[in-house]
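Because only heavy atoms are used, hydrogens play no part in the values below, and waters and symmetry mates are left out as well, while side chains stay in. From a predicted model like this one, the values you see are computed outputs, not experimental measurements.
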Amino acid sequence: MGRIAVTLILLMACLFGGGILSASPGDTLRVNLFDRLNIPSTSGRRTDFKTWVNIPRVSIHKAFFIAKYECLEDGGCGHWDYLNHLFITGRGTESSVIPLPLAVEIVRSITPYGGYWRSEQKWFFDWKIDVTNFSPFLVGDIEFTHRHTHYETDPRLGWRLTLDLYLVEGPPPRAIISLTPIDSWNGSHLYGAAASPFSERVTTYVFRTHEEATHASLAIVQTGHGADSPDICAEFCSRERTILVNGKVHTKKNIWKACGNNSLQAQAGTWDSDRAGWCPGLPVDPEHHDFPVVGATDYNLDLKMEEYFNSLYIQGHESRGKHGNYVIYAYVVQYRGYSFRNEVAVSDVIAPNNLREHAYYNPICANPIVVIQNGGEYDLRSAKINYGLRGADPRSQKSYRWRGRLPFGKKDTLFLPGILDWEFARNSLEKVYFRVEVSQPNGLIDEYAGNNVIETEYTVPVAYNYQDGFKVDIRGNIQSPLHNRLVLEKIDPNGTQELLRFARFYSGSYVKNIALKPGNCYVMNLYDDGGRKWEDNYRISISNGLSSLTGRQNGVRTPGSISVNDPEYPDRVRVLPADFGTRVSYRFITLGEIQYPIVKEPRPCEKTGDCIEEPPPPAPVSVLGSDRNNGSLDYPIVYPNSSADGVFNLRGNPDSIFHKIEVFALSGEIAHVKEFGALKRVQNSLIRLELPDLFPGLYLMRIHLQGGELRLRRIIIL
């Protein structure tokens, strides 16, 4: 295949049909690798598809792939969950200045169970996969190889793949010195075979750090496949893995992933069964394990799996070599410092969002779901988040103060409080966008604002006339009293959630008419709690909804169903998917004016902090400071000296003219700046300075006065 052109996209406007907009000051390059590539199921266990592309040299802040899968033209989708890999297999002479071995895996994904879908249905699905770690190597002439593994032999079945690489320009989060695959770990390793123990196949890896390295990261992609008998390991058994650095435990976790909340629901097979680190129809996200290093020093890394041997071997009858295996790809990245100390980003908006990979959580009428990420050297302990529909009622715009602790690169998924202004969205003649902005990492100025904003297209949930009420009709299955429960909640404009209904039901019908109130958001969740363990040894439970694997009662299979009345067609019902895995959600609104709580509108000067008020009685000299020679006050006065709400007052003498006020953390970072557009003469009056978002601690205030005169004050936020 010839070289493929690179497309320049400005601000990623309305990307991928999901309406993601980025406020990045740089541009975004789109590089197409494959355009509706046909991948038929032919003889053989794997097929490789190669392409060369040329990528210009740019500074990359973030890199990711969008993979879109469709059914074969004039055929059907592949029936089974197959491993897919994307490798870098060739480089030109003008490629990366940092050495990188060939045959490096940069993406792993699993195809869905596609037996339900055919080309005439126009089915497709797309996924987003982050590859920022590989950004220094994504330059020049590169050969990519997509490897599809399979065992079907019907050429009418398979996939069409469109694969695009997106490179967001900007400063990299930290400088990468090297990326080195751990060849002794990488590959497929038997698990449970007494003749070939895992511990003898995956042994200690020793590497020497670069002389300028300050940090290293062990990146791992590990998935379990195949099932021995009778323990069904490794694919369907949860086993603990331990990572050690220089013999000390760094992390422990079970190689396991819950699959019942997959947005690609109602696949043809057992898509909802949890698996060893992967789910059908999803990419596999790499894990990143960071640790500080000393330059020019040897380090040992170990990957230990919980000891396991097939139970038939223990009984003296080993399972004829039919063992499961773990497929591992691991590499070590070395870094030279950080680009920023205090930096926070909006990594993703899960809801509201029209992207198919987030369909499980959409559409919504309240409680947006946003992912933030720390991009700075210092642990992220606080950040400010503003959000709401762009252009909507100001009363619907929200502000939230996040507090926690995130090391560099780590993420936190936030369920933000409050409803969205769906009345504004319903009446708009144009597309409506949800906007979220994050700022003030650790109460300081963000050192990189290019990733602070994301906007997504907003879709209004179905609207009911509250006077008609709401009817839910459920027919349970044989497992209903053990597994299934129905929860209905109301969220009012104050953001208050109220539980209206909670019920467990049996295999018969459960019908309920529920009165509604106008101008509210309602969320109905039907849960399958699972709880049926096949065997204790497997350590798994199954959540499969109402229709899948429901068992039999009196010799008759008893699938369940769920439906509600359709507000658009009163004589019909709206059937909800019963093959829903862990949960099916139905979110709706009730028509009627949204009754926002009455909030006193602040005066314009209160928003800017410029109100001139009558001063309070002079405070004691001993508290506010004094000139010991003559007992006069040392202007400007700042009081109180310590504040729990971050509000301080400044009072100057009759001739004081304030130009600018700066607040610094002890580390030297600017935490807040207030500039006066025109010279402000303060005549025995006050300036009110509000710092509610600063992290508790000691700060220095620098006050710029007329004639270049400076004053320093110390303040404490409790």
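For the pair Ile129/Leu86, no side-chain contact is recorded, criterion being any heavy-atom separation below 4.5 Å from C-beta on. Under the 4.5 Å side-chain criterion, counting only non-hydrogen atoms from C-beta, Phe434 is not in contact with Glu455. Using a 4.5 Å heavy-atom threshold, the side chains of Arg45 and Tyr151 count as touching. Within the 4.5 Å cutoff, the side chain of Asn246 has no heavy atoms near those of the Leu244 side chain. Two residues are said to be in side-chain contact when any heavy atoms from C-beta on lie closer than 4.5 Å; Leu416 and Ile385 meet this criterion. Using a 4.5 Å cut-off on side-chain heavy atoms (C-beta onward), Val53 and Phe144 make contact. Residues Glu70 and Lys122 have side chains not in contact (no heavy-atom distance under 4.5 Å, counting atoms from C-beta outward). For the pair Ile328/His189, a side-chain contact is recorded, criterion being any heavy-atom separation below 4.5 Å from C-beta on.
Taking OG1 of Thr413 as the reference point, atom CD of Gln373 lies at 11.0 Å (rounded to 0.5 Å). Rounding to the nearest 0.5 Å gives a distance of 9.0 Å between CD1 of Ile176 and OG of Ser178. Atoms CD1 and OG, from Ile364 and Ser585 in turn, are 11.5 Å apart once rounded to the nearest 0.5 Å. Atom-to-atom distance recorded for Arg356:CZ and Trp127:CH2 is 11.0 Å, nearest 0.5 angstrom. The CG atom of Leu179 sits 5.5 Å away from the CZ atom of Phe134 when rounded to the nearest 0.5 Å.
If you look at Tyr69 and Trp159, their ring centroids are closer than 6.0 Å. Between Tyr361 and Phe415, the gap from one ring centroid to the other reaches at least 6.0 Å. When ring centroids are compared, Tyr360 and His358 stay outside the 6.0 Å threshold. A ring-centre distance under 6.0 Å is not found for Tyr433 and Tyr458.
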- Full working for side-chain contact (heavy atoms from CB on, under 4.5 Å) between Ser347 and Lys62: CA-CA 10 Å; Ser347 177; Lys62 189 172 185 179; 4.3 Å; yes

- Message: Using side-chain contact (heavy atoms from CB on, under 4.5 Å), reason through Phe124 and Asp126 one step at a time and then give a plain yes or no.
- Response: CA-CA 7 Å; Phe124 71 94; Asp126 39 26; 4.2 Å; yes

- Message: Set out, in order, the CA-CA distance, both residues' side-chain angles and the distance that settles side-chain contact (heavy atoms from CB on, under 4.5 Å) for Glu152 and His79, then state yes or no.
- Response: CA-CA 8 Å; Glu152 288 174 307; His79 285 176; 3.0 Å; yes

- Message: Let's go through Glu357 and Lys128 carefully: what are the C-alpha distance in whole Å and the side-chain angles of both, what is the deciding distance for salt bridge (Lys or Arg N to Asp or Glu O under 4.0 Å) to 0.1 Å, and is it a yes or a no?
- Response: CA-CA 8 Å; Glu357 66 175 307; Lys128 180 179 177 181; over 6 Å; no

- Quick one: do Lys253 and Glu287 satisfy salt bridge (Lys or Arg N to Asp or Glu O under 4.0 Å)? Show the steps, please. CA-CA 11 Å; Lys253 66 165 289 184; Glu287 307 167 45; 3.7 Å; yes

- Task: Apply side chain to side chain donor-acceptor pair (under 3.5 Å) to the pair Asp379 and Asn374, showing each step before the final yes or no.
- Result: CA-CA 7 Å; Asp379 285 358; Asn374 180 21; 5.1 Å; no

- Message: Pair Glu73, Ser119 - check side chain to side chain donor-acceptor pair (under 3.5 Å), show working.
- Response: CA-CA 6 Å; Glu73 191 171 4; Ser119 58; over 6 Å; no

- Query: Would Asn353 and Thr456 satisfy side chain to side chain donor-acceptor pair (under 3.5 Å), going step by step from the backbone distance to the final call?
  - Reply: CA-CA 6 Å; Asn353 199 325; Thr456 56; 5.1 Å; no

- Message: Please evaluate residues Glu235 and Arg275 with respect to the criterion salt bridge (Lys or Arg N to Asp or Glu O under 4.0 Å), reporting the C-alpha separation (whole Å), side-chain torsions for both, the decisive distance (0.1 Å), and the verdict.
- Response: CA-CA 6 Å; Glu235 184 168 330; Arg275 284 173 167 83; 3.1 Å; yes

- Task: Decide yes or no on salt bridge (Lys or Arg N to Asp or Glu O under 4.0 Å) for Glu211 and Arg336, but give the supporting numbers first.
- Result: CA-CA 10 Å; Glu211 59 184 11; Arg336 181 193 297 109; over 6 Å; no

- Output, in order, the C-alpha distance, side-chain angles, deciding distance and verdict of side chain to side chain donor-acceptor pair (under 3.5 Å) for Asp302 and Thr204. CA-CA 5 Å; Asp302 286 285; Thr204 300; 2.4 Å; yes

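Scored by the salt bridge (charged side-chain N to carboxylate O under 4.0 Å, His left out) test, Arg174 finds Asp290 as partners (sequence neighbours excluded).
The aromatic rings of His148 and His146 lie parallel to each other, with less than 30° between the two planes, well short of the 60° mark. Using cut-offs of 30° and 60° on the angle between ring planes, the pair Tyr166 and Phe64 is parallel. Aromatic ring pairs are classed by plane angle as parallel below 30°, tilted from 30° to 60° and perpendicular above 60°; the pair Phe408 and Tyr338 is perpendicular. Taking the six-membered ring where tryptophan is involved, the planes of Trp123 and Phe125 are essentially parallel, since the angle between them stays under 30° and well short of 60°.
Shown are Phe198, Tyr191, Trp256; of these, the side-chain contact (heavy atoms from CB on, under 4.5 Å) with Arg239 is made only by Tyr191. Only one option out of Trp278, Tyr326, Tyr82, Phe236 pairs with His225 in a ring-ring contact (aromatic ring centres under 6.0 Å, His included); it is Trp278.
A donor-acceptor contact closer than 3.5 angstrom links the side chains of Thr47 and His150. Side-chain atoms of Asn84 and Ser109 form no donor-acceptor pair, as typed in the model, at a separation below 3.5 Å. A donor-acceptor pair shorter than 3.5 Å cannot be found between the side chains of Asp446 and Ser439. When only modelled atom types and interatomic distance are considered, Asp272 and Asn262 share no side-chain donor-acceptor pair under 3.5 Å. A side-chain donor-acceptor contact under 3.5 Å links Asn254 and Ser238. Using modelled atom types, one finds a donor on one side chain and an acceptor on the other under 3.5 Å when comparing Lys50 with Thr145. For the residue pair Asn54 and Asp141, a side-chain donor N or O sits within less than 3.5 Å of a side-chain acceptor on the partner.
Between Leu218 and Ala330, the shortest heavy-atom contact is CD1-CB, 4.4 Å. Of all the heavy atoms in Asn451 and Val344, the pair that sits closest is OD1-O, 3.4 Å. Minimum heavy-atom separation, Leu138 to Ala63: CD1-CB, 4.2 Å. Between Ile106 and Val131, the shortest heavy-atom distance links the atoms O-CG1, 3.6 Å. Closest non-hydrogen pair, Gly277 versus Val284, comes out as O-CG1, 4.0 Å. Among all heavy-atom pairs drawn from His288 and Ser217, the shortest one is CB-OG, 3.9 Å.
Remark: Glu437 engages Arg435 in a salt bridge, criterion side-chain N to carboxylate O under 4.0 Å.
Thr28 contributes no side-chain N or O that, together with a main-chain N or O of Val168, makes up a donor-acceptor pair within less than 3.5 Å.
Counting non-hydrogen atoms of neighbouring residues, nucleotides and ligands closer than 6.0 angstrom, the CZ atom of Arg208 exceeds 12 such neighbours.
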